[in-house]
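Everything numeric in this text was worked out from a predicted model, so none of it was measured. Below, chains carry the letters A, B, ... as their sequence lines are ordered, and counting in each starts from 1. For the numbers below, each heavy atom of this structure counts, side chains included, while hydrogens, waters and symmetry mates do not.
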Amino acid sequence: MTFKPVPTNVDFIQQEYEVLDFWKETDAFEKMRQRHKGQPHWSFIDGPITANNPMGVHHGWGRTYKDLYNRYWTMRGRELRYQNGFDCQGLWVEVNVEKELGFQSKRDIEAYGLDPFVRRCKARVLKYASIQTEQSIRLGYWMDWNDTDQLRWLAQLILEDPQRVITVEGPEGPVTDTVEQIVGRLGLPELGGSYFTFSNENNYMIWTFLKKVWEKGWLYRGVDVMPWCPRCATAISQHEIVTDGYQELTHRSVTLLFPLRNRPGEYLLVWTTTPWTLSSNVAAAVGPEITYVLVENQGKKLWLSKGALHMLQGEYKVLEERKGEELVGWTYDGPFDDLPAAQTPGGWHPQVQVDTGAKQSAVEAHRIIPWEEVGEAEGTGIVHIAPGCGAEDFQLSKEHHLPILAPLDEDSNFVEGYGWLTGKYVADVADAIFKDLEKKGILYKVEPYTHRYPTCWRCSTELVFRLVDEWFIDMGPVYDKPREEVTPEEKERSLRYQIMDVVDNIRWIPEFGYKREIDWLMNMHDWMISKKRYWGLALPFWVCDECGHYHVVGDEHELKERAVAGWEGFDGHTPHRPYVDNIVLKCDKCGGEMHRIPDVGNPWLDAGIVSFSTLQYRTNREYWRQWYPADWISESFPGQFRNWFYSLFAMATVIDRSNPTKQVFGYATLLAEDGREMHKSWGNAIEFNEAADRMGVDVMRWLYCNHKPENNLRFGYHRADEVRRRFLIPFWNVYNFLVTYARLDGWTPSVPEDFDPAHPEGPTPAVSNPLDRWILARLNDVLARTTVALENSDSYTATLAIEALLDDLTNWYVRRSRRRFWKGEQDQDKADAYITLYHLLVKFIRMLAPFTPFVTEVMYQNLVRGVFDDAFESVHHTDWPVADESIIDQQLLDRMALARRITSLGLAARSNANLRVRQPLRKLYVHVGEGWADLTPELLDIVRDELNVKAIEFVSDPETLVSYRILPNNRLLGPKFGKLFPKVRAALAALPPEEVVAKVNAGEPVVLEVEGQTVELSPDEILVQTQPAEGLAVAADKVITVGIDTEITPELRAEGLAREVVRRIQSMRKNADFDIADHIRTWWATEDEELAEVMDAWSEYIRSETLTDELITGEPPADAHIERHKIDGKQVILGVQRA
RNA sequence: GGGCCUGUAGCUCAGUCGGUUAGAGCACUGUGCUGAUAACGCAGGGGUCACUGGUUCGAGUCCAGUCAGGCCCA
């Protein structure tokens, strides 16, 4: 059996598709998984990807890491779960389904019906789960993927006939259930495949979590003023708004007057960017430490802060100056005191129950209050306070017992009690308000104002701040002292400190992740977990219609037990709206009817629970213990500190007070090649499918791996081209080289009796050629380092080491060994070369397999499976190669490095002297500094051949070659002399270098006079460097100097010409499209005497180099391949023809 | 305003324990080699290591501050 030929023009992308077919046909993933059953576990828990759109290339980045380390640990002999996750519930899916259906608001959804709407959400998730699954498979990501046709089928059935009973094949046999329930059981053990966060198990596990939170006393129903999306008609939590929300927007800000009641004729000057909130003004705040001034301006007396004078229009005169605290308590008339809302005692908030203890109306309450946060950077230094329209305002209302006016309903229209504003949409009232203020004579000015303003992270609608009634998890107090001083009792009361303790047990890669997470936890607000929407976790909170008491249901069993009505309206459905809303419970307190709150849950609950739900915490605790905590999880850092990582840790802390993972591996943000974020509208976005089919996924994967994960990654085709050129093509060429010559020689590896398919290359071959031993040492050295790097999730270091190895392999080993492969005789050295390169490549391929699974599979199929009957079917079934430390000969590595260095300098010297390498030269002089490795005769041969010189001479007294440079050994002498060191240095520099060198070489100390003292320096405290002496044909670095003898004798000149002829004939062979092994006839004709002599004298050499059987003098026949050449100005006609 | 990260060649990035002349790849220029050819080698030009101060015999590296960019939180 021989190797299959390697196509010259390989289509890597086509080849990847062939490999995908091969894996599918041979069920390669499943066989790999079976091989590792029962081995020690390596637990990876996947962070769920939102199944709402096709994958982006940034997902490809994260998934490359996940696949790389999964494959690595698999090869290391671990059993893994290989379960991908899909995030399914929440507003992002709803918004897209609304778009599909052309809906404008929540009312449209209600009219359409919750049941069909929810089913459409499920269908959308199933559709995109199947698309993302196909894309992940294309990436080469080996997971326990679902049958995507089945997912599409379920998506269709859930729309058409959710109650139809179907049977699907699971890992342990067929499962029969309704379509709705099969969908609700996806990812569970009986069905296998990816987990879906809409599964029954995920939802009920969250119920269990929430019940535990409730039992600990950390669940509460709260009132707060929060960002609210008018279109989605829901509050936006802190998790959602912080990054994705803010946009640079221009609004019209207004400056207006509040007439003071106790100081007639004087006004407060107030500024706001949200005019609609003036409708609900209750108070005005000043900074108690800030200085305020009364000015006469435009015929009015105005109060504002001294630092804000610049915003006055026209001339002004300062009349009075007071500190802010002196203004506190002054009363004023508000701008909308004519409205019923402002005149209602206790405030006006018809949609939300809240009690601040205020009995007054807003009109009665208008006064100046102190507030430390007031600044002078913008505005007038006097802040208008509307407790129903701002989060901080709301906090102040609690402190000062101010009444609250909440002007907006769920759709952000003004509620009753607002007179002419009632029924108007919040974004449409600015003009009317300005007019109204003007009419009232209290408008000062209106100006455009640009600021970062929060918008909805899903639909980009500008948010408003609205008084809401939501459910929260209490994060506990922040104690004003270092963490280590927090007592156990205090910790018991504060979830945030408990989470921090959990986070302490996690290894963060990169390390700064730890600090970021702790910072988030210290600043984290209470977690708002409710959302007034339709598609998502049904929060299991049942509230009594009569007394308001509420109960948290912990799972489906408790639900059934406690249900007093409505069970038949729920039975058979997944725990989603609308069916779960049918259930009625009986109130423990008063016996009244309890109904579920309509809210659904925050989607990070869905993702955070997976370390319990997917590991069968409720149903198979033993299994959970085996896989929890995860060894490793990974997501992109930005955002996930407050999202998935946070929810994962918070939920594990509540349920088990343990860390759900041992390590967190994070990476930064993917940018377009131009350094900006990818945006379709900017034309710099790249679709995953397009990238995969244009650059190839092996290239894409290597690009991802060859990057420091904490840095943002610039992604694009130029970089991909570079990776292909620098890495993939050279790698392929080495493989091509081996196969080409092995086929010519009919060489294949012999099959050993103890062939081990897990390590098909076998033990390191016993070879003697230093090149072979060197490259084997390099391979195992890099393998050892790669092993350590991958253990530490450091693919970047691994790829750097591997690329250096590839360079050594292509630019030195193969280059230097080429002749060993094409020489005619079949001797031991040739056999060794084959054995070495074959062994090396197979081991190399297996080391690369987790990085670039496709190209390595192709090579493995040819090199291994095509030869060994007992070989595993796929390279991905083999074990991680073991570095053979015994072959790592450090002295050989050093010597070869020196040989390469000398060669490089020799080439530089030739280049300086303008002497091309084909021209043989007599001698190379080399001087190497003391203590550096010397070269063995074999290595000298290599250098001599590479530099095309007849001899190499080491010079120990290289006056002609170099001059010396004497340097103190700072590392030793710095600490020894301290402040005196600069003078020692100067004294040493003043000595003649030759003298110092002589002493150092003789091992004698150098004596110096420094500031009257005698100082002795031992030879090891002095460094001797060389620099090239004057002259062109010399080159040097710090320890090596080389020089070449530039004299070209007639003999050397003749040999140079012969080599030139050989090169021309070689290129003619190629031009004539001869096979590499074809023997030929060669004709030559020239009128130049010198060249003719060379052709005669060197004919034997020319014939053997060019596989010429007959070297014929005279004009070539017309059917030969003929070229006219000019060699060193000499005309020659050459012809070649297959023999 | 607070926390974290980053700032090194035209571009993308390395730079170990603080040590003498700060590197690579790309791009550019020159040149060489060639059965790796969708290449490759060698050389060259290109640097205020963001800035200021400090510690030290010695700072790209450690410390403090400033500036700029990014992320997170107010």
Shortest non-hydrogen contact between A:L947 and A:L924, atoms and distance: CD1-CD2, 3.6 Å
[X] side-chain N/O to [N] phosphate OP1/OP2 under 4.0 Å:
| X | N | result |
| --- | --- | --- |
| A:R642 | B:rC73 | yes |
| A:R1063 | B:rU34 | yes |
| A:N736 | B:rA36 | no |
| A:H718 | B:rA27 | no |
| A:K515 | B:rC4 | no |
| A:R818 | B:rA36 | yes |

For the pair made of [atom1] in [X] and [atom2] in [N], what is the distance, rounded to whole Å?
| X | N | atom1 | atom2 | value |
| --- | --- | --- | --- | --- |
| A:L728 | B:rA39 | CG | C1' | 14 Å |
| A:M475 | B:rC73 | CE | P | 14 Å |
| A:Q1066 | B:rC33 | CD | C1' | 13 Å |

How far, in whole Å, is [M] from [N] if one measures between their [atom1] atoms?
| N | M | atom1 | answer |
| --- | --- | --- | --- |
| B:rU12 | B:rA27 | C1' | 11 Å |
| B:rG54 | B:rG45 | C1' | 37 Å |
| B:rU16 | B:rA22 | C1' | 14 Å |
| B:rU56 | B:rA14 | C1' | 26 Å |

Name the stems that RNA chain B belongs to, where each is three or more consecutive Watson-Crick or G-U pairs with both distances under 3.5 Å? B:1-7 with B:67-73, B:10-13 with B:23-26, B:28-32 with B:40-44, B:50-54 with B:62-66
Inspect the contact between A:D794 and A:K708 and indicate whether a charged nitrogen and a carboxylate oxygen are less than 4.0 angstrom apart. no
Only one of A:L837, A:V782, A:L809 passes side-chain contact (heavy atoms from CB on, under 4.5 Å) with A:F844; say which it is. A:L809
Provide the full list of salt bridge (Lys or Arg N to Asp or Glu O under 4.0 Å) pairs with a residue in residues 967-982 of chain A, sequence neighbours left out, each pair given once. A:K976-A:E1021
For the residue pair A:W61 and A:Y704, categorise the inter-ring angle as parallel (less than 30°), tilted (30 to 60°) or perpendicular (more than 60°). parallel
What's the closest nucleotide to the A:N733 side chain, out of B:rG35, B:rC40, B:rU37? B:rU37
So, do A:L670 and A:N712 sit near enough that their side-chain heavy atoms are less than 4.5 Å apart? no
Stepwise ring-ring contact (aromatic ring centres under 6.0 Å, His included) check, A:W732 with A:F12: CA-CA 10 Å; A:W732 184 261; A:F12 288 112; 5.6 Å; yes
Look at the side chain of A:R1069 and the base of B:rG35, then say whether one donor and one acceptor between them are separated by less than 3.5 Å. yes
B/S/- along nucleotides 6-13 of chain B (protein heavy atoms under 4.0 Å) is ------SS
So which one's nearest nucleotide on RNA chain B is more toward 5', A:R726 or A:D11? A:R726
Looking at A:Y717, I'd like to know if the NZ or CZ of A:R694 sits under 6.0 Å from its six-membered ring centre while staying within 45 degrees of the ring's axis. yes
